Structures are given as structure tokens and as C-alpha cells.
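Notes for the one structure printed next.
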Amino acid sequence: MADFAFPPADATLPAPADPERRDRGRERWLGLADLADDASLADAIRAAAEAVPQSALLDALFGNSPFLTSCAVRDGAFMVEILRDGPDAALSRMVETLKADAAAEEDMARLMKLLRVVKRRMALAVAAADIAGAWDLDKVTGALSDFAETAVRLSIAHLMRKAHAKGDVELPHPEDPERDCGYFVLGMGKLGARELNYSSDIDLIVVFDPDKVVYKGEKFISEFFVRMTKDLVRLLDERTADGYVFRTDLRLRPDPGSTKIAIALPAAETYYESFGQNWERAAMIKARCVGGDTAAGQDFLRHLRPFVWRKSLDFHAIQDIQSIKRQIHAAKGGAKVAVAGHNIKVGRGGIREIEFFAQTQQLIWGGREPQNRSPRTLDALRALVETEHVAPVVADQLEASYIQLRTLEHRLQMIEDSQTQQLPDDDEKLRALAIFMGHDGLEDFDAWLKDVLHTVEGHYADLFEEEPSLSEEGNLVFTGNEDDPATIQTLTELGYGNPSAVAATVRGWHHGRYRAVRSTRSKELLTELVPTLLRAFGQTASPDQAFFRFDDFLSRLPAGVQLFSLFYTHPQLLDLVAEIMGDAPRLAEVLAKNPGLLDAVLTPGFFGPLPDRAALGHELDLRLADARDYEHVLDITRRFANDHKFQVGVQTLRLLADAREAGDALAAIADVVLDRLLPAVSDEMARTYGRFPGGDLAVIAMGKMGGREMTATSDLDLICVYDTDPDAESSDGPKPLTRGEYYARLTQRFVGAINALTSEGRLYEVDLRLRPSGKKGPLAASLESFIKYNREDAWTWEHLALVRARVACGDPDLSQNIRDAICEVLTRPRDRDALLMDVSKMRALMAKEHTKAGDIWDVKHMRGGMVDVEFISQTLQLLHGHEHPDILNSNTGDGLKNLAAADILDAADAETLDRAHFLWLTIQGLLRHSIPGKFDESQISAGLYRKLVSACGCKDMDGLKALIAERAEAAHAVFRRLIDEPAEAAKANRAADGAVKEA
């Protein structure tokens, strides 16, 4: 009989959950004896199957774990060694042999095999010690962690020796390759704290010091160490016929989405000093150099101590830590914890809650109390008790729960060597796990585990007792570099279609990828705001679209503290921003360029009735009172206009202002700005060129501005008209100019003041092509030439355009003279037939050039659209202005009303045209405020879809399309009857008259 020392006779071993599997394992085990060449080994194998308690240990392995069965059968001799000498001695000899063999091994493939064989044996020895109760949790996790460190160090030494032999690096100590090599690896998380679990991956951060490494390779040094790190990962992680050593994760390095897998020391130091986050401070609590240049690694960690351990209790840092805690949904009592399918690591009452309980307190107190800096969770809890931050009974219960949950974690992972903390949701598999844990059955296991989880959950929730939750719906945690399952679930429930992309983007914010989120304060504020922000975007019709537009917005901000503080103080702004980002990409673009516009939302009356011209003028005058100089005037007028244009845009988006109210308000904003800019420009010009004796300038608004029907994208169609003392020949300044030169230059400067792009943006695009003679005419027309041109030379289309003319600003007397001149032109008797034929011909040419069949969204050019209605209003005003001068009005809607009141336009026709025109204005106004460029129905967000159909009084898009078709057809019928048909008749009559005369 073999002499066995392990397990001890009093060991309590779990029963085999599956007797059939146990029996098959026994058969395979005994089969090893028949195949063994060594008679003593064969005897030991048979003896172990009969001896007590060795046979009970084998039964526990065979009946509970296919993985351990495979290990024991594959390495029968080593299993016998464990039983004969105990796991401590077996492991010690094996590791010493490994170190000697690895140091002599030059072939990478053979080293990979060597490491994997030893890992498999180590897993068997540790499991045997754990299952037999011979080792406590500290010893189990310590053994696993020590072997991981050994594997890392042996792999680095091998790679360094190869690089030295090849001539890529010159090692200071070739006999000890790691020493002073300038390349080091930090073990993070459980590896760093020597708390590695049974089937854990290892989290590494790889750093090299370019000033310390003696590099002689041909490539860049960074490329060399990236390639070496890939080889390191291959040595450890690659799965071969012999298995793997450790799954390796490099994503805890600084900003893994944008940095290489081996990071230069200066870059790493700069990152943590400038951009490091509080969760990274928490991660660094456990950091330990586990390979390579240990001295350099320890120096680096010492350098980071001020980052990890703040000397004072920084209020903002504490607030950030607390907000991270509050992002995790924690409820005291009443929560249901289902055992089946529960994640014992990240689920309610799980291991991570115990770790987080300790780490958050460590971050707060560890700066002033070095005794609270332990990387190990249980040591940290005990230290927090000693410093009176945690009650002894709480620490005792959390320690007991931690040991129980980690033991369960190990049993779960031993079954199939799977990296999981998810309990089975199948009753039979759960029963098998319960037996492996030493329970009688599922009922007993269920009660025990629920008690453990509720204990942890209760103490964890105490951290939140004085704090309102940030995440009422569930977890919203973005620490680390991988998705938190509960957070993904919460994001899905909030309505996000791609929660992983959203989570990755938020982690990118925390990494400081954008300028706006690089300062410590901005990151702390953002941490607090993220849950509210995500809820706000989740409530929009298209959460993902809204979120990623906000991400684009954030990427352009030069700084974030001011905006985040604004959101923090006024959370209702987030709802508005979410709505804009989701439904109005054009407004989102405007906001991205000028986030200061959000300040305007907080002004009283922002959502009230839109201010009229008088109120706007009063406000701008108050702002201009603070103007320091001309440049400041330009900036103030831009801020004023941007604020109010944004107000109109928001009210349009929220359907608080209809299209006509919005158009009138936008025209009033333009009027007021031009009215205040003109004298400022004149004064600035006078400093160089003086003033023109008896001279004045007035500005005529044409088109959309003239008709008070502006949209968000309307440019300004302007005509500048001047008048002077006829006897004056030049201006009276240091550099005198003639009349034409003076007003051309004044107009040029005025347009420049409107068009110029300053730090506050530009006011408007200006178009002067409607001036007399168009591009061929002078920039500014004299009153005399303006009158003469419109009386004698203007085309019919120019008279149509003149119907919409309105003096926007300028000298009162000159302005009245211009109005009188315009009125005189518009009220002249007209040749009815000639006018109708001209208008009909013009409209037909426009339709041929602009109208596309089937494009119902081109409400301007389609037949029955905006142009048809405007042409009818303008044509009838020109035809009947002589007899009815009171009908003249630059606004299309008001013009239609005047025509109906004068019995020129049938009331039914007037209503048909007005309803169509209002629909076109509504569609055009909402879309131009909301989207850039041409409208693509397939790209419309669900929110804008609802707003569009609601604004037009419809239930759905089909109803809106039917309404568009109906009103366009009705309006076109009126156009045909009032314009085209009389024009065709007149043309036919003239042709007949011409034929008679020829005859």
C-alpha cells in the first residue's frame, strides 16, 4: 500500500454529484495503472482508488468536474505525487523545475508547451487543496497569483534573451534578463492583489521606458515593444493542444481605444497625471509589478501615489466617487435575488459589491491614512475597521460572505475550467454545483446563498443610505474597459438599440478623449450627469441617434465645465438638448458651434410669446450700451441674433410657434440687427472717409425677409438706396470719396458687417442681386436711379419681386420716399394680358427647371406649391393696385386677405390658397429649422416624424402626404384658372388679331 499524506484523514470532502461520471472517472483512473511502465506508479494508482480518504478525493474530482477528471487522468503521476506528498510540496518542486527548464529553453513553442503542462498540473494541485479544505482562500488565490506572476516573468525573460541575442536590445544583465531592462508589466485587479480566481484572466498594463532601454533595432522602439507584447500574450494566452496558461487582457491600460498595447513611460505618467479618473485610481490600488524591470515598475507606482492617494479630502473627488457608487443601483431590502442564473461577481450582493465597498472608502481615506491602502480586499476591510470607518460586525459579515462567494466562484469554475461567475439556470446543474459546495441539495444551497447575497446587498446599500440614487432604473456604470452586464441591460431598457456602443462611448468620455472632458472637474461633473443624460436621451424617439449627435457635439466643445455645471444646476436643459439631438440635427449643429446658446434658454420668457420688434430693439440697445468698440458691436449683435434665432428654432421644434409667427419673428430679428448695425457701420466709415453732406442710406428687404416669412436658413435679399445733397460732390473726411464711391463702399462695409465670420459666427448671408440692373448695377442705387429703373427698365419679374419689398432700416425721410416710390410703381395701370402672359411663361420656365415629378417635399417649386401661391398674390396686387392701393402687402398671407376683402379674389379661392400656403410654410419652416440640406423621408427621426405630422394637423405620414397632394392640386387649379387659362386665352386672341391684320 502506498504511503499517502494527503488529504488528511479528517478532511470533509464533497460527495460526487454525478455517480455515473464518478464511475467512468474511476475506470479511466484505474486504466492508467494498466498502461503504466513503472510498477510502483501502477501500485500507487490502484492504492489511491481504494485508500481512505484518497478515494473520496478522487470521487469528488471525478463526480463533480470533467475538467479536473481530465487533468488527473492526463497527469496520473503528478496526481499520485499530490496524494503522496501533499499539494504544497508537489507544487514547490514543479515550479522550481519549471524555472530551471524555462531559463534554459530557447525555443518559444517548447516554452509554450512547458508552461501549459505546468499550468494544468498547478490547477489540479490547487483544486485538490481547495476541495479538501487544506488551504484557506488566501492560500488558494495566492498560489494561483504566484504562478501567474511566475509565468509572466519567465515569458518576459525568454523574450528579452531572444531580443538581446538578435541585437535588438542590449541588456545590462544578460544573465538576469528582467533586471533593469526598462520594460515592465503591472498586474492589475486580482492578479495585482494576489486574489486571482481559479479560472481568471489576468489584467496587465505593459510599459517601457525609452530612456532606460538600450535599443538597437531597426524599427521604432514602440513598434518593437508592441511586437514583444504580442509575443508575451501569445505565450500566455494562445490555446494549443496543451491548453493555455492565462487568458490575458490589456484593456486596463490608459485609454485602450487609442493607445498601443505597450505604452511609453512618459505617456503613461502624463495620462494619469492629466486624465486619470477616479475608477482608475481605484484600479491602481491593486496594481503590482509582476514582470520585467521590477525596480522601474515600483518607481512608476511610487510616482503614481499622489494620483491614487490624495493628501486631502478633495470635495470634488469625493463627490465623483460617491456618484460612481450612486450609478450602481442599490436598494436596501425587498430586492429579489434569484439564485438560478445569478452572477455572483457583478450581480446583486456579489463579489464586486464587497470590493467596491472597500475601495470607495479607501479612495476617500487612504490619502491621509496610509494603513487604508491595502490592495487585498479582506485586509482593506480590516484596516477600515481599525480606523473606525467600518463597524466590526459589518466587516466580519462581509469577510465571511467574501470567502463564501469566492469559494463558490472557484467550484463553479473548476467544473469546466470556464471563466464564469454565472450560476446555472438549469436545476440539475445547479443541484450538482450545490453538492460540489458540500450542501445536501438545492433547497439547502438556495437558502444559504440567498442569505449571503442579501447580507452583502444590505451592507452595500448602506453606502447609499444618505444619497439619492442616480440610476433609478438600474446600473449605469462605465468604469473599467468592459461592459457591465447590468449596465447593458439598463441601457437596453432605456431604449438604446446599440447599448455596447453607447457604453464604449461613455467610457471614451471618461478617458478624456475630447477636450471638453479632460479636466478633473469636468470628468467629475460628467460622472454625476451621465445617468440623467442617458435617461433624457432614452426618452427621445431615437435614443441612439440623439446620443451620438450629443457625442459629436461634445467632441467639438473646447471645454466642458461650464456646460456640465449648467446641466447640473438646470437638469431640464438636458431634456431640451436631448430633444434637439434626437429630432433636429440642424439645430444640434448650431448648438455644437455655439453651446453658449443654452444660456438663452434660462432667460425669462424663452418659451413665452416671441418678442416683437420693439421688445427686440429695446433688448439689443441695452446690450449695445456695453459695446467697447466697433468689433464689440459686431459680436454683440451676433450673440443677440443667435440667441433669438435659437429661441425661434426651439419654439418651432416644440410647436409653440407656428410658421407665420416664426417667420415674422425671424424677420423682426433681422430688422432690429440691421437697424442697429447701419449707424455703427456709418460711424466707423466716417472715421476715414467722413460723411456725405445731406446724404442718407436706407435698406430695402426683399424676398422672405421683405415678406416676413423667413426660415432658419433664409439669406437676406437686400437693396441699398441712398440720397444726397445734389450740390455735394464728395465726402468730408480725411480721404474724401465721390457720391457713387462713398455709398458703394458703405454698402460693402455694411454687407461685410453682416456677412463677416467672427468668433461669434456670422449673422446672415446677404444677396444684393435684386438691386437695379442686378450684378451689372452699382452696389448701392441712388433714389433717383432706383425710381427711374423701376419705372422704365424693370422686367415683370422685378415688379413681382417689388411687391414683397419692405424698407427694413435707414433714414426715416428717405425710407418714406422709397415707400412712396415703390407704391407708385406697384399702383401703375397694367396691361392685363401682357402681365398674365409674362407670369404664366415665367412660372412654366421655373417649373421646367426646378420641379421634379413625385417630389412632394419640394413645397416651394412643385405645382400648387409656394411659388404658385406667391405668384397669384403678387400678380393680382400688380393688376389691381391702381384701383385698390390698400391691397398692397409684402406678406403673402396678408396680401391674400386684402385681395379677398376687396372682392378681387373669391373668398373660397383665398381660403384654398391661404390654407395651402400655411401648410407649405409649416413644412418648410419646421424642416429648415430641424435638418440641414434636402429632406430625406427615409432618414427622418421618429420624433421629427411625429412633430411634422402633428404640426400639419395629421395623424400619420400617409395622412400628411394625402393632405399635401390635395392642397397642391387645389392651389394649382386656382393658379390655372386665374393665371394660366387667361394667359392662354390672351395669347390665342393676340395670335388671332395678328392673323387678321396680316390678312
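The chain is numbered in sequence order, starting from 1. Here the structure is a predicted model, which is why all the values come from computation and not from measurement.
Pairs of residues two or more places apart, or lying in two chains, that qualify as salt bridge (charged side-chain N to carboxylate O under 4.0 Å, His left out) and include a residue from residues 761-770 are Arg762-Glu765, Asp767-Arg769.
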Stepwise, does the side chain to side chain contact (heavy atoms under 4.5 Å, CB included) test hold for Arg691 with Asp683?
CA-CA 9 Å; Arg691 300 187 186 277; Asp683 291 345; 2.5 Å; yes
Run the side chain to side chain contact (heavy atoms under 4.5 Å, CB included) check on Thr922 and Asp658 step by step: do they pass?
CA-CA 7 Å; Thr922 299; Asp658 67 30; 5.8 Å; no
Residues Arg556, Asp552; criterion salt bridge (charged side-chain N to carboxylate O under 4.0 Å, His left out); working and verdict:
CA-CA 7 Å; Arg556 304 194 209 182; Asp552 179 59; 2.7 Å; yes
Derivation of the side chain to side chain contact (heavy atoms under 4.5 Å, CB included) call for Ile700 and Arg771:
CA-CA 10 Å; Ile700 305 171; Arg771 67 187 184 271; over 6 Å; no
Could you please spell out the steps behind the side chain to side chain contact (heavy atoms under 4.5 Å, CB included) verdict for Phe646 and Asn594?
CA-CA 10 Å; Phe646 184 65; Asn594 189 2; over 6 Å; no
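Counting heavy-atom neighbours within 6.0 Å of Glu784 CD, excluding the residue itself, gives a total of 12 or less. Within a 6.0 Å sphere centred on CD of Glu729, heavy atoms belonging to other residues, nucleotides or ligands number 12 at most.
The side chain to side chain donor-acceptor pair (under 3.5 Å) test applied to Thr758 returns Asp635, not counting sequence neighbours. Every residue two or more places apart in sequence or in another chain was checked for a side chain to side chain contact (heavy atoms under 4.5 Å, CB included) with Ala744, and none qualifies. With sequence neighbours excluded, the residues that form a side chain to side chain contact (heavy atoms under 4.5 Å, CB included) with Asp833 are Asp831, Ala986, Arg990.
Listed for the Glu619 side chain is no donor-acceptor partner under 3.5 Å among the backbone atoms of Leu616. Formation of a donor-acceptor pair under 3.5 Å by the His799 side chain with backbone atoms of Asn790 is found in this model. Formation of a donor-acceptor pair under 3.5 Å by the Glu589 side chain with backbone atoms of Ala584 is not found in this model. For Gln651 (side chain) and Phe606 (main-chain N/O), a donor-acceptor pair under 3.5 Å exists by modelled atom type. Side-chain atoms of Asn642 come within 3.5 Å of backbone N or O of Glu760 as a donor-acceptor pair. Not a single donor-acceptor pair under 3.5 Å links the side chain of Arg915 to the backbone N or O of Glu911. In this structure a side-chain-to-backbone donor-acceptor pair under 3.5 Å is missing from Arg863 to Ala847. Lys788 places no side-chain N or O within 3.5 Å of a backbone atom of Asp793 that could act as its donor or acceptor partner. Judged purely by atom type and a 3.5 angstrom limit, Trp920 uses its side chain to pair as donor or acceptor with the backbone of Gly864. Side-chain atoms of Ser785 never come within 3.5 Å of backbone atoms of Ala781 as a donor-acceptor pair (strictly under, hydrogens ignored).
For the pair Ile754 and Arg638, the tightest heavy-atom approach, listed with the atom from each and the gap, is O-NH2, 3.4 Å. Scanning both residues, Asn898 and Ile887, for their nearest heavy atoms gives ND2-O, 3.2 Å. Across Arg654 and Leu576, no two heavy atoms sit closer than the pair NH2-CA, 3.7 Å. Of all heavy-atom pairs spanning Phe692 and Thr738, the tightest one is CE1-C, 3.7 Å. Taking all atoms of both residues into account, the shortest heavy-atom contact from Met837 to Ala983 is CG-O, 3.6 Å. The two residues Leu678 and Gly810 come nearest to each other via the heavy atoms CD2-CA, 4.0 Å.
Side-chain contact check for Glu741 and Tyr689: no donor-acceptor pair (N or O, by modelled atom type) lies under 3.5 Å. Inspection of the His972 and Glu969 side chains reveals no N or O donor paired with an N or O acceptor under 3.5 Å.
Arg586 places a side-chain heavy atom less than 4.5 Å from the side chain of Thr713. Looking at heavy atoms from C-beta onward, Ile822 lies in side-chain contact with Phe786 at the 4.5 angstrom threshold. Contact annotation: the side chain of Arg791 approaches that of Glu824 to within less than 4.5 Å [non-hydrogen atoms, C-beta and beyond]. Counting heavy atoms from C-beta on, the side chains of Met862 and Val859 come closer than 4.5 Å. The shortest side-chain heavy-atom distance between Lys860 and Met846 does not fall under the 4.5 Å cut-off. Contact annotation: the side chain of Lys987 never approaches that of Ser840 to less than 4.5 Å [non-hydrogen atoms, C-beta and beyond]. A 4.5 Å side-chain heavy-atom check between Arg676 and Phe640 finds every atom pair outside the cut-off. Here the side chains of Leu779 and Cys720 are not in contact, with every heavy-atom distance at 4.5 Å or above.
Put simply, CG on Leu876 and CD on Gln874 are 10.5 Å apart, with the number rounded to the nearest 0.5 Å. Going from atom OG1 of Thr652 over to atom CD of Glu661 covers 9.0 Å, rounded to the nearest 0.5 Å. The distance from the CG atom of Leu783 to the CG atom of Asp820 is 10.0 Å, given to the nearest 0.5 Å. Between atom CD1 of residue Ile964 and atom CD1 of residue Ile923 there is a gap of 3.5 Å, rounded to the nearest 0.5 Å. Of the inter-residue distances, the one linking Ser714 atom OG with Tyr764 atom OH reads 9.5 Å to the nearest 0.5 angstrom. The line from CZ of Arg928 to OG1 of Thr711 is 5.0 Å long, rounded to the nearest 0.5 Å.
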Output a table of donor-acceptor pairs, distance under 3.5 Å, between side-chain atoms of residues 949-958 and any protein atom two or more places apart or on a different chain; print 'none' if there are none.
{"from": "Asp956", "atom 1": "OD1", "to": "Asp958", "atom 2": "N", "distance (Å)": "3.3"}
{"from": "Asp956", "atom 1": "OD1", "to": "Gly959", "atom 2": "N", "distance (Å)": "2.7"}

For residues 889-896, run the donor-acceptor check on the side chains, cut-off 3.5 Å, and write out each pair with its distance to 0.1 Å, sequence neighbours left out.
{"from": "Asn889", "atom 1": "OD1", "to": "Asn891", "atom 2": "N", "distance (Å)": "2.9"}
{"from": "Ser890", "atom 1": "OG", "to": "Gly706", "atom 2": "O", "distance (Å)": "2.8"}
{"from": "Asn891", "atom 1": "OD1", "to": "Gly893", "atom 2": "N", "distance (Å)": "3.1"}
{"from": "Asn891", "atom 1": "OD1", "to": "Asp894", "atom 2": "N", "distance (Å)": "2.9"}
{"from": "Asn891", "atom 1": "ND2", "to": "Gly707", "atom 2": "O", "distance (Å)": "2.8"}
{"from": "Thr892", "atom 1": "OG1", "to": "Glu709", "atom 2": "OE2", "distance (Å)": "3.1"}
{"from": "Asp894", "atom 1": "OD2", "to": "Arg708", "atom 2": "NH2", "distance (Å)": "3.0"}

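Between Glu984 and Arg976 there is a salt bridge, with a side-chain nitrogen of the basic residue lying less than 4.0 Å from a carboxylate oxygen of the acidic one. In this structure, Arg843 does not pair ionically with Glu870, as no charged nitrogen and carboxylate oxygen lie closer than 4.0 Å. Taking a cutoff of 4.0 Å between a charged side-chain nitrogen and a carboxylate oxygen, Asp643 and Arg639 do not qualify as a salt bridge. Classification of Asp717 and Arg804 as a salt-bridged pair fails, no side-chain N sitting under 4.0 Å from a carboxylate O.
Remark: Arg739 is not positioned above the aromatic ring of Tyr722, lacking an NZ or CZ atom under 6.0 angstrom from the ring centre and at most 45 degrees off the axis.
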